[in-house]
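Since the model is a prediction, treat every value here as computed from it, not as a measurement.
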Amino acid sequence: MSLGAGLVRTTCSTGGAPGPGAGAGQPSEGLLDPVYPRTQGALLKVAQMVTLLIAFICVRSSLWTDYSAYSYFEVVTICDLIMILIFYLVHLFRFYRVLTCISWPLSELLHYLIGTLLLLIASIVAASKSYNQSGLEAGAIFGFIATFLCLASVWLSYKISCVTQSTDAAV
């Protein structure tokens, strides 16, 4: 009895934004998507960007005690913020329709997985090296909040299910 090779299927939820040809009363053409800013995915992206910006400002305006730890934290927060802004603009201006050579759901998933891991590491390092300075502690806390929001975005946007396929020819 063979269990067969495992197959992983992923589906992406756009957070309530209508797909192509969906919604009779909503405009499907135009540069700007008027529905996207009110979707769950867009609101999560805005919350992530705000918390990352606050974390960056808290660390940047504090006195540093360990240069390498906080410069790493700053780089991770700003790079993550820029990438989330890019994906927000891609969905807002519907660039995914023009640039079809890129798998946008896959690239966004990979960004969230790698960016969340790096942000978690940076927040742990920042929290351990804060030396009871309130600005550095606040930056680390907002880093953890942004990490949680990124995990929530991955959890709510992507449904991953593992299905086993049978390799037996006889049914």
Side-chain angles (χ1 to χ4, degrees), residues 5-23 26-60 68-126 139-165:
L7 174 69
V8 177
R9 293 184 182 159
T10 62
T11 58
C12 177
S13 167
T14 59
Q26 297 178 357
S28 62
E29 296 301 320
L31 180 65
L32 187 69
D33 187 358
V35 177
Y36 181 71
R38 294 185 298 265
T39 62
Q40 182 182 29
L43 294 175
L44 271 172
K45 281 182 180 53
V46 169
Q48 292 163 10
M49 288 187 286
V50 168
T51 55
L52 285 169
L53 184 62
I54 291 172
F56 176 79
I57 290 171
C58 287
V59 169
R60 189 67 185 169
S68 62
Y70 290 107
S71 61
Y72 172 71
F73 184 82
E74 286 181 343
V75 167
V76 168
T77 54
I78 285 299
C79 288
D80 216 11
L81 181 124
I82 290 170
M83 287 304 298
I84 292 170
L85 178 64
I86 288 171
F87 283 116
Y88 183 83
L89 293 175
V90 161
H91 289 291
L92 183 65
F93 291 108
R94 300 177 182 166
F95 289 140
Y96 57 87
R97 290 183 180 177
V98 178
L99 298 171
T100 57
C101 59
I102 299 172
S103 174
W104 290 105
L106 180 62
S107 62
E108 194 168 1
L109 175 66
L110 289 176
H111 160 260
Y112 273 121
L113 293 178
I114 295 168
T116 303
L117 180 65
L118 291 176
L119 187 59
L120 179 64
I121 292 169
S123 298
I124 290 171
V125 170
I141 289 170
F142 278 105
F144 285 122
I145 292 170
T147 303
F148 173 75
L149 289 173
C150 289
L151 285 174
S153 183
V154 169
W155 180 262
L156 295 174
S157 296
Y158 300 94
K159 296 178 181 20
I160 300 174
S161 60
C162 295
V163 179
T164 59
Q165 287 183 333

> What's the spacing between I84 CD1 and C150 SG if we round to 0.5 Å?
Replying inline: 4.5 Å

> How long is the span from the CG atom in L44 to the CE atom in M49, to the nearest 0.5 Å?
Replying inline: 10.5 Å

>> Nearest 0.5 Å, please: how far is OG in S123 from CG in L119?
In response: 4.5 Å

> Side-chain donor-acceptor pair under 3.5 Å between Q48 and Y112, yes or no?
Replying inline: yes

> Just wondering, are more than 12 heavy atoms of other shown residues or ligands nearer than 6.0 Å to CZ in F144?
Replying inline: yes

>> Quick check for you: to the nearest 0.5 Å, what is the distance between L99 atom CG and W104 atom CH2?
In response: 5.5 Å

>> So if I apply the side chain to side chain contact (heavy atoms under 4.5 Å, CB included) rule between V76 and each of V125, L118, I121, which one comes out positive?
In response: L118

> Under the side-chain hydrogen bond (donor to acceptor under 3.5 Å, both in side chains) rule, what pairs show up with a residue in residues 77-86, not counting sequence neighbours?
Replying inline: D80-H111

>> Let me confirm one number: the CD-OG distance from E108 to S103, rounded to the nearest 0.5 Å.
In response: 10.5 Å

>> Checking I141 now: which residues fulfil side chain to side chain contact (heavy atoms under 4.5 Å, CB included) with it, not counting sequence neighbours?
In response: I145

>> Test of understanding: with ring pair (Phe, Tyr, Trp, His ring centres under 6.0 Å), list the residues that count as partners of Y88, not counting sequence neighbours.
In response: Y36

> Taking Y70 for the side chain and A126 for the main chain, is one N or O donor matched with an acceptor at less than 3.5 Å?
Replying inline: yes

>> I need the Y158 OH to L109 CG distance, nearest 0.5 Å.
In response: 5.5 Å

